[in-house]
Amino acid sequence: MSTNEKRLAGEAAIRYVEDGAIVGVGTGSTVAYFIEALAGIRQRINGAVSSSEQSTALLRKHGIPVLDLNATGPLSLYVDGADECDAHKRLIKGGGAALTREKIIAEASSRFVCIIDSSKRVNLLGKFPLPIEVIPMARSLVGREIVKRGGQPVWRDGVVTDNGNWVIDVHGWQITDPVGLETELNQIPGIVTVGLFARRPADIVLVGDKEI
Ligand code: 5RP
């Protein structure tokens, strides 16, 4: 993990921000650098849509207005980090438990710029345990469904998401068909969001300040 690359990526993403934009903002330590850089051009934008309480607090601290996605309509840009990224810009996200709002904003945005350091690049997704947000009463049910599919579910005990739900981290999956797995898991009752961003991958990936 390189803190310097995270900072460079966060700063480099500013080049995709257009004047007057409402910017979708992700969550995490890399995004914190983006928010800092965004503060420097806050007069040029109309505000942000935030993916977490954590990012909302940071945006407000920097004087950037936080808007409701229901009021903004579609966004032109979403900037967020990732836990893993493959060669097709498909991602694992949710290390910070903000995956549901992140996926909603990614879906609502015409361009998703993903900012990472080089340690996040992988050939095959799955070494990073796959986060899944679940409705609390469905935790065991979802766990059993994961075991049936060869995964090892581990409850992220003590973590409650911004939506009042729980997170299961799935170990041991080598994800050869990310779109297929995401689609299949989305059918299981009680799963709110799967941390695979494959149906809607990133459009642009910045590793440090380099676009890949
Ligand atoms: C939060 C996320 C983050 O984007 C991901 O965990 C990467 O975080 P960081 O930039 O701190 O490495 O998905 O839910």
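Ligands are counted one by one from 1 in listed order, and the atoms in each one are counted from 1 as well. In this text, all values refer to a predicted model and were calculated from it rather than measured experimentally.
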Would you sort out whether Ser50 and Ser55 count as a side-chain hydrogen bond (donor to acceptor under 3.5 Å, both in side chains), showing the intermediate values? CA-CA 6 Å; Ser50 169; Ser55 289; 4.7 Å; no
Is it true that Glu182 and Arg90 have a side-chain N and a carboxylate O under 4.0 angstrom from each other? no
With the criterion set at N/O pairs under 3.5 Å, what does the list of contacts between the protein and ligand 1 look like, atom names and distances included?
from	atom 1	to	atom 2	distance (Å)
ligand 1	4 (O)	Thr27	O	3.1
ligand 1	4 (O)	Asp80	OD1	3.4
ligand 1	4 (O)	Gly81	O	3.4
ligand 1	4 (O)	Lys93	NZ	3.0
ligand 1	6 (O)	Asp83	OD1	2.6
ligand 1	6 (O)	Asp83	OD2	3.3
ligand 1	10 (O)	Thr30	N	3.1
ligand 1	10 (O)	Thr30	OG1	2.6
ligand 1	11 (O)	Ser29	N	2.8
ligand 1	11 (O)	Ser29	OG	2.5
ligand 1	12 (O)	Lys6	NZ	2.9
ligand 1	12 (O)	Lys120	NZ	2.7
ligand 1	13 (O)	Lys93	NZ	2.8
ligand 1	13 (O)	Gly94	N	2.8
ligand 1	13 (O)	Glu102	OE1	3.2
ligand 1	14 (O)	Gly96	N	3.3
ligand 1	14 (O)	Ala98	N	3.2
ligand 1	14 (O)	Glu102	OE1	3.3
ligand 1	14 (O)	Glu102	OE2	3.2

Any carboxylate oxygen within less than 4.0 angstrom of a Lys/Arg side-chain nitrogen, looking at Glu107 and Lys103? no
In sequence, state the C-alpha distance, the side-chain angles, and the governing distance for Glu5 and Lys120, and then conclude on salt bridge (Lys or Arg N to Asp or Glu O under 4.0 Å). CA-CA 11 Å; Glu5 279 183 332; Lys120 308 287 181 67; over 6 Å; no
Just do the side-chain hydrogen bond (donor to acceptor under 3.5 Å, both in side chains) check on Asp117 and Ser119 with the steps written out, would you? CA-CA 6 Å; Asp117 66 86; Ser119 71; 2.4 Å; yes
Hey, does the side chain of Arg156 reach the backbone of Gly95 with a donor-acceptor pair shorter than 3.5 angstrom? yes
